[in-house]
Amino acid sequence: MPGTELFGAEEKKEIADVLETGILFRYNHDAQRNGIWKAKDFEAEVRKITGAKYAHAVSSGSTAVAAALAAAGIGAGDEVIVPPFTYIATVEAVLFIGALPVFAEIDETLCLSAEGIRKAITPKTKAVCLVHMCGGMAEMDSIMQVVYENNLILVEDAGQAFAASYKGTATGLFGKAGSYSFDFFKIATAGEGGVLVTNDEQVYKNADSYCDHGHDHIGNNRGMEQHPILGFNYRISELHAAVGVAQTRKVPHIREANNKLKKMLVDILSQTEGISFATLADPSGDSATFLNILLPDTEAAKRTVAEFNEAGVTGFNYWYTNMYHFINQWDHIKEMRTASKLPIQILGAPQDYANLDLPKSQEVVGRLISFGIRCTWTEEEVKQLAAKISDCVKKALVTAHA
Ligand SMILES: *Cc1c(COP(=O)(O)O)cnc(C)c1O
């Protein structure tokens with residue numbers, strides 16, 4: 001959680017600017033705010049890092065995904081291809097805009113594969129909601145080819161991949177719209193917050209209105225603004241945006257530190273038999289928030305987790321059994337348990353969610369253990385961690401094959 005590790009004077013200064021004016025709302029009140037516009041500044045910082053033409057800050061990464069989908073023109077009854085390995089917010093966002101999720105296979109990039117997408121396409125497929133997982137990126141050349149060939153809309157949930165890129169283009173900028181999360185666990189945090197990015201002016205205008213009850217934000221009399229479209233309140237507060245400004249400015253440093261520390265870990269661990277790593281479609285674009293280890297099989301990974309627990313190794317995620325990131329634990333999604341009725345319960349589900357056949361995703365996530373990289377680690381700490389990981393894997397592989 002590098003962003004939270006570096007919370008300090010810069011964040012406090014940005015927050016103090018807002019408290020000084022008392023204007024916690026991102027729109028209007030031009031006279032009282034003394035030139036303080038933190039949501040706009042936050043958006044400018046995100047444009048600077050990503051190269052996006054347009055950025056719109058919102059209340060969370062989850063609302064950013066929903067807004068990206070809606071602004072890109074996806075809605076009721078549209079089938080949207082999603083991965084079974086993601087933070088659950090991706091699937092929720094698809095459902096909450098009235099669309100129907102269709103799960104497809106991931107591969108060793110930890111993201112949807114072109115082949116997985118191709119197999120999941122039906123005549124009703126409108127879009128792909130690609131998720132760049134664990135700090136890395138999907139194999140974009142082959143994915144863009146499937147997207148073009150089948151005339152699909154691409155939206156990218158880059159919630160975990162802010163500041164990652166593929167062949168020079170930031171994750172989030174390959175499709176019609178993309179989103180980042182700035183929650184407590186991401187490379188930079190706003191406390192709570194998200195940012196939608198796009199290079200398409202109309203998509204940006206849609207998002208800008210959609211996230212604030214459809215307001216067109218023309219003029220400076222809020223009560224007299226026009227409403228080109230329906231929307232809802234996905235606004236970010238100036239206080240959260242202020243934290244986002246200071247944190248985003250730290251991201252180039254965090255990315256560099258993460259990459260250096262991750263390289264040390266990879267260099268050491270490559271020498272341990274049985275350890276391989278998730279595929280980075282473009283290693284130079286890694287945000288390096290996670291070290292993603294692949295064990296030979298699920299059994300070996302489970303034994304490794306047991307060895308970690310025994311040895312007191314912490315700071316890792318075994319997503320296969322974690323409640324939020326993999327479809328095996330999403331009983332409420334499989335059964336579509338809701339407090340009220342969703343469009344999917346009227347239109348019908350495009351897949352039997354309780355009995356999905358996704359052997360490749362099961363295999364990859366079963367083998368995967370991810371360590372969060374801390375940008376404040378010392379070289380000594382990294383060496384000690386690598387030695388412990390290596391030890392535990394060796395023991396696990398002996399018992400796994402005993
Ligand atoms: C964190 C995350 C989200 C949700 O972001 P919040 O800011 O917590 O709402 C969405 N998608 C992915 C892939 C994430 O990792």
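Both backbone and side-chain heavy atoms feed into the values below; hydrogens, waters and symmetry mates do not. Heads up: numbering here begins at 1 and tracks the sequence. Whatever order the structure lists ligands and atoms in, that order sets their numbers, starting from 1.
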For the pair Phe162 and Phe182, evaluate ring pair (Phe, Tyr, Trp, His ring centres under 6.0 Å) and give the outcome as yes or no after the intermediate values. CA-CA 9 Å; Phe162 180 54; Phe182 291 82; 5.0 Å; yes
Checking salt bridge (charged side-chain N to carboxylate O under 4.0 Å, His left out) for the pair Glu43/Arg47: CA distance, chi angles, key distance, verdict? CA-CA 6 Å; Glu43 289 158 357; Arg47 287 200 305 270; 5.1 Å; no
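A perpendicular orientation is assigned to the rings of His29 and Phe25, their planes being inclined by more than 60° (bins at 30° and 60°). Between Tyr54 and Tyr204, the ring-plane angle classifies as parallel under the 30° and 60° cut-offs.
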Could you list each nitrogen or oxygen of ligand 1 that sits under 3.5 Å from a protein nitrogen or oxygen, with the atom names and the distance?
from     : atom 1 : to     : atom 2 : distance (Å)
ligand 1 : 5 (O)  : Ser181 : OG     : 3.1
ligand 1 : 7 (O)  : Gly61  : N      : 2.7
ligand 1 : 7 (O)  : Ser181 : OG     : 2.8
ligand 1 : 8 (O)  : Asp183 : OD2    : 2.6
ligand 1 : 9 (O)  : Gly61  : N      : 3.4
ligand 1 : 9 (O)  : Ser62  : N      : 2.9
ligand 1 : 9 (O)  : Ser62  : OG     : 2.5
ligand 1 : 11 (N) : Asp157 : OD1    : 3.2
ligand 1 : 11 (N) : Asp157 : OD2    : 2.7
ligand 1 : 15 (O) : Gln160 : NE2    : 2.9
ligand 1 : 15 (O) : Lys186 : NZ     : 3.2

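The two residues Cys211 and Val58 come nearest to each other via the heavy atoms SG-CG1, 3.6 Å.
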Exercise answer: donor-acceptor pairs, residues 268-276 side-chain atoms, under 3.5 Å, sequence neighbours excluded:
from   : atom 1 : to     : atom 2 : distance (Å)
Ser270 : OG     : Val266 : O      : 2.4
Gln271 : NE2    : Asp267 : O      : 3.2
Thr272 : OG1    : Ser390 : OG     : 2.7
Ser276 : OG     : Leu294 : O      : 3.4

